[in-house]
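We use all heavy atoms of the structure for the numbers below, so side chains are in, but hydrogens, waters and symmetry mates are not. Nothing here was measured: the structure is a model prediction, and the numbers come from that model. Order of the sequence lines fixes the chain letters, A, B, ..., with proteins taken first and strands second; residue numbering starts at 1 for each chain.
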Amino acid sequence: MNVVIVGCGRVGAALADAFDRAGHRVIIVDVSTRAFDRLPDTFRGSAIRGNGTDEDVLRRAGVEGADLFVALTEGDNRNIMAAQLALEALGVGQVIAKINDPVRAEAYSHLGIPTLCRTNLMADAVFGFVGLPLTGTEAIMSAVGHHPGGEEHHGPGVFVAPTTGGGGAIAGREAY
Amino acid sequence: MFVVVVGGGKVGYYLSKELIESGHEVVLLEKDRARADQISDEIGSIVIAQDGCEGKYLGEAGANRADIVAAVTGDDEDNLVICQMAKHHFDVPRTIARVNNPKNEHLFKHLGVDEIISPTRMILGSIEQDIPVHELLHLAALGQGELELIEAQLSEESPAVGRAPRDLVLPEGCAVIAVIREEVAMPLRADTILMEGDKVLAIGRPDCEAALHGQLIGEAAEEAAPASAEAR
């Protein structure tokens, strides 16, 4: 499948490498070319320098119609906006936005954006390790609502909104 | 009216000040503490020194009873999130966002922001009134610059409108290569008839420009001389 990753930090670079090794087509976007140093020499995808919240940049990078779009920059709001751009303007099939603020993460999962919240993720990892009760939040909060513009731009069903399970959403996508 | 303003830059500052002067109730959220203190000193203790993108602080500012939330920070993504949180989390009846990249206007509208203010668009609009649209656009220099790729948008005055490209009188070393009609690129065919609004692409030597101008734009070629370009 065609995978787009915005933000070439440690996670972004590792994901890009993994998708690349698994034989997928990867486009990774970052504002800094130095960030691309994190990619291994074997990386065969495209590394595009630019602002991942800029529609023109994403379009030029060839994001249109991609199967999966993962927004992993340092800024919650940048990730939220990039993911919504991808869904609304660029016809991307599935998006995931990293939102570290748990309140915003929950709010946007209700708005139909699957979110990945590092705060919940790490807290639960520690809770689990020391035997405290978990928060019970899924690693990737599945989209529980409908994205406000989702239906106007795409046909119904394009936006996958599972309401149950989905905890290991990325692992569950191996079928692609 | 009760207005929550997010972003204490110049816009947020003057907006809050004017609103207070006209008797409205205002709370301003500015995450930079030094800036927040400075504004408090000047217009009173209406400032909360917190990030308005966080739902928690929007709540503390009283967003759930606000008539309007105005997101006027310098970052489009922040303004979008503020308005969406206000709308969907606090049921604010009216949200206003400042948008810097005019291309984001459509997205913001689509995602439910009620009003969009784009300073870039406004200034652009003001400037564009002064720019003649009837000019050739240089898209690229080819080779060492001996050839150039040129675009001309056909206005209603263009002599090329209603004619076939092969009827254009063009000097040697110059070719019309394609037409873009309603954002769709089309090759030139024998039955192609040029229409108003078409963008015609041509390749030629720089000295063919006057002739191209005359055929595609319309006015006397001399008027498009570099002198007038320099005058702008």
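- Contacts from residues 53-63 of chain B to chain A, taken as heavy-atom pairs separated by less than 4.5 Å, involve B:Cys53, B:Glu54, B:Gly55 in sequence order.
- Taking a 6.0 Å sphere around CZ of A:Arg59, one finds it holds more than 12 heavy atoms contributed by other residues, nucleotides or ligands.
- The stretch residues 95-104 of chain B places B:Asn101, B:Lys103, B:Asn104 near chain A, each with some heavy atom under 4.5 Å from a heavy atom of that chain.
- For a residue to count as touching a neighbouring chain, one of its non-hydrogen atoms must lie under 4.5 Å from one of that chain's; by this rule A:Asp56 touches chain B with the side chain only.
- Distance check, rounded to the nearest 0.5 Å: CD of B:Gln84 to CE of A:Met81 gives 10.0 Å.
- Surrounding CE of A:Met122 are at most 12 heavy atoms belonging to other residues, nucleotides or ligands under 6.0 Å away.
- Applying the salt bridge (charged side-chain N to carboxylate O under 4.0 Å, His left out) definition to pairs two or more places apart or across chains, none involves residues 26-37 of chain A.
- Heavy atoms closer than 4.5 Å to chain B are found in both the backbone and the side chain of A:Leu85.
- Rounding to the nearest 0.5 Å gives a distance of 7.0 Å between CG of A:Asn77 and CD1 of B:Ile82.
- Within 6.0 Å of the CD atom in B:Glu182, the count of heavy atoms belonging to other residues, nucleotides or ligands does not exceed 12.
- By the 4.5 Å heavy-atom criterion applied to side chains, A:Gln84 and B:Leu111 are counted as neighbours.
- A 4.5 Å side-chain heavy-atom check between B:His88 and A:Tyr108 finds every atom pair outside the cut-off.
- Within the structure, the salt bridge (charged side-chain N to carboxylate O under 4.0 Å, His left out) test picks out the following pairs touching residues 61-82 of chain B (sequence neighbours left out): B:Glu25-B:Arg65.
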